[in-house]
Structure formats: structure tokens, C-alpha cells
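As C-alpha cells, the structure follows; a few thoughts come after it.
All of these numbers come straight from a predicted model, not from anything done at the bench.
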Amino acid sequence: MQDFYNKALIGFIGLILVSCLVGYLCVDNTFLKISLLPVTKSDLPWRTEKNTDAHQGGQSALTIIDDRFSLNFDITMSRAATYPYAAFTLVFGEDTSNPDLVDLSRFDTLSFNVKCSAPNTLSFSMLTFDEKVSNKNDFLSYRAPSTFFSCDEDWHYVELDLTRLETAQWWLDMFNVDLSRKAYELDKVSKLSFGSSPQTPFGVKSNVHLSEIALVGHNWVYLYVLGGFLIIVWGGYAFWFFRQHTAALVDDLRTKFQRDRPLVAYQQLSVETHRDKDRSAILHFMATQYANPDVSLDTMTSSIGVSRTKINDILKSELGFTFTGYLNKLRLTEAARLLKEGEDANVAEIAYSVGY
């Protein structure tokens, strides 16, 4: 049994280590997070870009203070343009003439900390390539789903759901896209933009400071895989444990029975109460050694220290057998018991086991 318990313990420890490793890998792939700041350590290379209403004749201005370790900029909004705006844009890729289209489909949230020099409502938008509408070299044709967030003089943590942004109606109208077709994909994103909104104060320099910008994703498939793996592996281990434990227990009982079996024949024979030490030694020796094919009157004499003559006299007077006769009686009694208990008993094996 001890060998079985040692194997079970080794298997248990091994499964714990494997489960921890698989669990770590699955959890790590379930909760994805990519930090975009500082730019030198970002897994997604990007560069900054300023966008204002200057091309419409507007006078809104944006001044970049920091774009390496945080996004820190000042905006001053003017009503000179029909649609005034100013935006700080992160453009994926390092080629200024050809922005990359980045696959963000693994992510569903954009998180960051933000504060403003005065209460403000800002916009966030993404430029996504629409297979049915967009022209790669015309960013106006890119779908630009957006949302809004507020800020003030204190730091606030913000989470934006990238899967629930709204596409502006003017864009749908401009490209004759059905109003019901508001769904968009995140597999081809070229830009992320933080900018003004219709509620941004006009004529006032407003400072906007964003830090710890990160893309966060949740892929629950890995947790389902982990759950299935743990059920299969630990269920298999439990099945193996109980099955092998039963087999080991049976083997242990069989071993003990084989070790104690010589006494069974002795106990089944009807003998009178022992009268002296020599008789007890003679009967015990024959009861425990009869299955030994090499047992003889000489080996018995040297083992218990009783003479051949006295051995035969005691056996004859007490049991009515000579040494050889009593030895055969013991062997035949045990063989008969084994034949009776085993339906598929092998006569040759039984004969060998009782000393023939």
C-alpha cells in the first residue's frame, strides 16, 4: 500500500504544478492588457498628430506639451469655423505617409486617467477601416465611431467600451450607408483620437492631461478551456486513484493471506490440547513449514531440537500419523480447501503451493 500512496502523492503534486501552469497561461490570455504609455515601451508603435478646424478656416488651436510619457495638451476653441474642433490623435505605425491598420479585436475596453484644468466634456473616437466604404488613402471615408467622457481638476479613472461606440449620422449620410448599419469592426484601426466636443468651453485655454492609457481585453474562451481541462484531468486522477486504491488494497490483503496461509491448515485440523513444549513445537513447525517442498524429518530435528524418535512417537501417539503421513495430511487438507474455494483452480499450481 505504501508504494501506491507514494505514487498517488507524486501524481497529486504533479497535477497541482501542471494545473497551476495551465491556469496561469489561461488567465494571462483571458485578461489582456497593453499599455500605450510611455510610447517607447508600447507594444503598438504609434506617433502623435494634431487635428484642428484650420482647413475650414477655423482658429481653434491645440498645443502639445507631452506626448512621450503622457498625453498633455492645451486646446483653445474658436467659433470661426462652422464645425469647430481640435483633437490629439494617436496614429498607429511609424510611417507618416502610410498609417498601419492595427487589429484591436482582442480588446473591448480603453482605460486611462484624466484631468482637465477646468470642467470639460471631451470626445474619443477611432478611425476604423470599413471594407464596403473606406478608401485606404482617404481618412474621411474611414468609419469613426465615438463617445464622450468628462473631466475636471481632479484625476479620474475612465473606462470606455470600444464595442459600443456610436457612428455619427453625418458620416452615414455622406457615404449613403443605411442608418441601421451601425456595426463596426475593430480588426483594422488606424487612429485613436481625444478631442473637443460641442460642450468644450470656447475662447478659453483648457489643459487636458491623460495618463496610463491601456487597451484591455477579455477572452473568456480560455477560462472555459481551463475549466474543461481541470474537470478532465482531476476527474481522471480521482477515477485512477479509487481504482488503483482498490487494486492495491486487494493485493495487500492477498499478500497477508499468503503469508498467514500455513496456519490455516493447522487450525482446520482437529488436535487435542498440547501437553508439553515438544509436542507444541512439533505441531507448530509442521503447520508452518508443510508447504516447503524441502521439509524433512532431518530439517525438523535440527530446527526444533527434538530427536527423530521422539518426533515420530509424539505424532503417532497424539495424531496416529508418522511424520510423512501427517505431512501429507496437512498438504492434502490445504489443497482440498483451495480446490473448494477456487472455481477456476489450477491443480498443478495448488499442488506446488502446498509443497508437492
### Query
What residues, two or more places apart in sequence or in another chain, satisfy side chain to side chain contact (heavy atoms under 4.5 Å, CB included) together with Val221?
Asn219, Val225

### Task
Kindly confirm or rule out a cation-pi arrangement of Arg143 over Tyr184, judged by NZ or CZ under 6.0 Å from the six-membered ring centre and within 45° of its axis?
no

### Message
Taking CZ in Arg79 as the centre, count heavy atoms belonging to other residues, nucleotides or ligands within less than 6.0 Å. Is the count above 12?
### Response
no

### Task
List in chain and number order the residues that pass disulfide (SG to SG under 2.5 Å) with Cys26, two or more places apart in sequence or in another chain; answer none if no residue qualifies.
none

### Message
With rounding to the nearest 0.5 angstrom, report the OG1 to CZ distance, Thr200 to Phe148.
### Response
9.0 Å

### Query
Taking the six-membered ring for Trp, are Phe112 and Phe149 ring centroids under 6.0 Å apart?
yes

#### Entry: Separation of Met286 CE from Leu330 CG (nearest 0.5 Å)
5.5 Å

#### Entry: Hydrophobic cluster membership, Val189 vs Leu165, 4.5 Å side-chain cutoff
yes

### Among Trp155, Phe69, Phe88, the one residue meeting ring-ring contact (aromatic ring centres under 6.0 Å, His included) with His209
Trp155

### Query
Tyr237 and Gly11: which non-hydrogen atoms are nearest, and at how many Å?
CE1-C, 4.1 Å

### Check: Phe194 ring centroid to Phe73 ring centroid under 6.0 Å
no

### Query
How about Met300 and Gln289: do any of their side-chain heavy atoms sit closer than 4.5 Å?
no

### Message
Is there a side-chain contact between Pro38 and Arg68 in this structure, where contact means two heavy atoms from C-beta onward sitting under 4.5 Å apart?
### Response
no

### Query
Does a side-chain heavy-atom distance below 4.5 Å link Leu319 with Ile314?
no

### Query
So, for Ala214 and Lys33, which heavy atoms are closest and what is the spacing to 0.1 Å?
CB-CE, 3.7 Å

### Query
Transitively linked via ILVMFWY side-chain contacts under 4.5 Å: Trp240 with Ile10?
no

### Query
Below 4.5 Å, heavy atoms only, C-beta onward: do Asn292 and Thr299 meet side chain to side chain?
no

### Query
Parallel, tilted or perpendicular: which describes the rings of Phe321 and Tyr326, with under 30° parallel and over 60° perpendicular?
tilted

### Message
Please report the interatomic distance NZ(Lys329) to CD(Glu334), rounded to the nearest 0.5 Å.
### Response
13.0 Å

### Query
Does the side chain of Asp67 reach to within under 4.5 Å of the side chain of Val39, using non-hydrogen atoms?
no

### Message
Does Tyr157, at its OH atom, have more than 12 non-hydrogen atoms belonging to other residues, nucleotides or ligands within less than 6.0 Å?
### Response
yes

#### Entry: Atom of Leu37, atom of Glu212 and distance for their closest heavy-atom approach
CD1-N, 4.0 Å

### Query
Parallel, tilted or perpendicular: which describes the rings of Tyr5 and His245, with under 30° parallel and over 60° perpendicular?
tilted

### Query
If Ile, Leu, Val, Met, Phe, Trp and Tyr residues are connected whenever their side-chain heavy atoms lie under 4.5 Å apart, and connections chain through other members, are Val102 and Phe107 in the same group?
yes

### Query
Under 3.5 Å, is there a donor-acceptor pair between the side chain of Thr63 and the main chain of Asp74?
no

### Step-by-step ring-ring contact (aromatic ring centres under 6.0 Å, His included) determination, Trp220 to Phe31
CA-CA 8 Å; Trp220 304 113; Phe31 302 98; 5.6 Å; yes

### Query
Judged by modelled atom types alone, do Ser105 and Asp103 share a side-chain donor-acceptor pair under 3.5 Å?
yes

### Message
Using the side chain to side chain contact (heavy atoms under 4.5 Å, CB included) criterion, which residues pair with Gln199? Sequence neighbours excluded.
### Response
Thr121, Ser197

### Query
Does the Thr109 side chain pair with the main chain of Asp161, one donor and one acceptor, at a distance under 3.5 Å?
no

### Summary
The reported gap from CG in Leu315 to CG in Leu327 (rounded to nearest 0.5 angstrom) is 10.0 Å

### Query
Among the clusters formed by ILVMFWY side chains lying less than 4.5 Å apart, do Val133 and Phe129 turn up in the same one?
no

### Query
Within a strict 4.5 Å, meaning less than it, do heavy atoms of the Thr89 and Leu127 side chains meet?
no

### Query
Under 3.5 Å, is there a donor-acceptor pair between the Asp178 and Ser180 side chains?
yes

### Query
Is the Phe175 to Tyr142 ring centre distance short of 6.0 Å?
no

#### Entry: Smallest separation among heavy atoms of Ser78 and Asp53, with atom names
O-OD2, 4.2 Å

### Test side chain to side chain contact (heavy atoms under 4.5 Å, CB included) applied to Ser302 and Asp298, step by step
CA-CA 6 Å; Ser302 60; Asp298 291 333; over 6 Å; no

### Query
Cut-off 3.5 Å, side chains only: do Ser19 and Trp234 have a donor facing an acceptor?
yes

### Message
side chain to side chain contact (heavy atoms under 4.5 Å, CB included) for Leu44 and Leu215? Distances and angles first, verdict last.
### Response
CA-CA 10 Å; Leu44 296 174; Leu215 291 163; 3.8 Å; yes

#### Entry: Polar side-chain atom of Trp171 near backbone of Leu140 as donor-acceptor pair, under 3.5 Å
yes

### Message
I need the Phe229 CZ to Leu25 CG distance, nearest 0.5 Å.
### Response
10.0 Å

### Query
With distance as the sole criterion, is a donor-acceptor pair present between the side chains of Thr301 and Arg308 under 3.5 Å?
no

### Query
Is the CD atom of Gln244 crowded by more than 12 outside heavy atoms at less than 6.0 Å?
yes

### Task
Please report the C-alpha distance between Thr48 and Ile64 in whole Å, then the side-chain angles of each, then the deciding distance to 0.1 Å, and finally whether the side chain to side chain contact (heavy atoms under 4.5 Å, CB included) criterion is met.
CA-CA 9 Å; Thr48 57; Ile64 297 176; 4.2 Å; yes

### Residue pair Ala86 / Ala61: nearest heavy atoms and the distance that separates them
CB-O, 4.3 Å

### Message
Just verifying a value: how many Å separate Asn328 CG and Phe323 CZ, rounded to the nearest 0.5 Å?
### Response
9.5 Å

### Query
With side chains defined as the heavy atoms from C-beta onward, is the minimum distance between Leu36 and Leu90 less than 4.5 Å?
yes

### Query
Taking C-beta and beyond as the side chain, do Val177 and Asp130 meet within less than 4.5 Å on heavy atoms?
no

### Query
With distance as the sole criterion, is a donor-acceptor pair present between the side chains of Ser141 and Asn135 under 3.5 Å?
no

### Same apolar cluster: Val306 and Leu297, side chain cutoff 4.5 Å
yes

### Message
Looking at Tyr24, I want to see if its OH is surrounded by more than 12 non-hydrogen atoms of other residues, nucleotides or ligands under 6.0 Å.
### Response
no

### Task
Evaluate side chain to side chain contact (heavy atoms under 4.5 Å, CB included) for Arg181 paired with Thr167, printing each intermediate quantity in order.
CA-CA 9 Å; Arg181 261 197 66 222; Thr167 301; over 6 Å; no

